[in-house]
Amino acid sequence: MIRKTLKKTSKHHKLKDFIKKYKIPPEYLSTSRRMVSKAIFIGLLIAFIPMPMQMLAVIAVIPFSKFNVPIALAMCWLSNPFTMPAMYYMEYLTGSYILGMDTTPVVMTMDWFSENIGNIFIPLYTGAVFYSVVVSSLAYYLVNRFWISSVHRDKKLHRHHRNK
C-alpha cells in the first residue's frame, strides 16, 4: 500500500514541476525500494544519536550516498522533544548495562545534566550506538522484506485476475 502511494505521488505533475524548477536531482526523491530503504536506515541511524541538528547530519550524508532525502529527514523526527527523554534514558540504561556500570539516578533538570554529564556521557553514547545500529538495520531489513513481499503479492493478484 505504501509502495503504491509513493508511486502515485512520485508521478504527480506538481512534483515533477517542483523538481525541474529547483533543479533537484531526481534520485534524491526516488521512491524505489533501495532509495526508501536507505533513507529509513540513514534517518533512524541519525535519529538515535543524541546531538543537535540531526536534520543537518542527514543533509551532510547526501554527497556520500543516494537516498530519498525527505523520508530520511522524516525518520529523524522520531527523536523530538516528546520522545527524546525516554529515548535517551533508555540509551543511558542500555549503555550502562553493556559497559557493566552502575546507573546514576536521573533527575530531569538541566542542573542535574550539567553536573552529571561526565558520568553519563560514555554510557549514553554507547547505548545510542547500540540502538542506532540495531534499530536502523532492522528497519532497513523489514522495509526491504515488506516491499519485496508486496511486489510478489501484487504480481500474484495480477496473474490471478488475468487468468479469470
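Considering I42, N68, I59 in turn, I59 is the only one that fulfils the side-chain contact (heavy atoms from CB on, under 4.5 Å) rule with L73.
Between Y140 and F41, the ring-plane angle classifies as perpendicular under the 30° and 60° cut-offs.
Heavy-atom neighbours of F113 CZ from other residues, nucleotides or ligands within 6.0 Å: above the threshold of 12.
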Would you check, one step at a time, whether the test side-chain contact (heavy atoms from CB on, under 4.5 Å) holds for Q54 with V58? CA-CA 7 Å; Q54 292 171 328; V58 169; 6.0 Å; no
Walk me through whether N144 and F146 qualify under side-chain contact (heavy atoms from CB on, under 4.5 Å). CA-CA 6 Å; N144 272 310; F146 288 143; over 6 Å; no
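Within the 3.5 Å criterion, the main-chain N or O of L45 finds a donor-acceptor partner in the side chain of S132. At distances below 3.5 Å, not a single donor-acceptor pair connects side-chain atoms of S37 with backbone N or O atoms of R34. S79 places a side-chain N or O within 3.5 Å of a backbone atom of A47 that can act as its donor or acceptor partner. For S137 (side chain) and V134 (main-chain N/O), no donor-acceptor pair under 3.5 Å exists by modelled atom type. Panel note: side chain K38, backbone K66; a donor-acceptor pair is recorded below 3.5 Å.
The two residues F82 and P85 come nearest to each other via the heavy atoms O-CD, 3.9 Å. A128 and F48 get closest at one heavy-atom pair: CB-O, 3.5 Å. Across every non-hydrogen atom of W112 and I120, the tightest pair is CH2-CG2, 3.9 Å.
A donor-acceptor contact closer than 3.5 angstrom is absent between the side chains of T104 and N119. Between the side chains of Y131 and T94, a donor-acceptor pair is found at a separation under 3.5 Å.
When ring centroids are compared, F121 and Y125 come within the 6.0 Å threshold.
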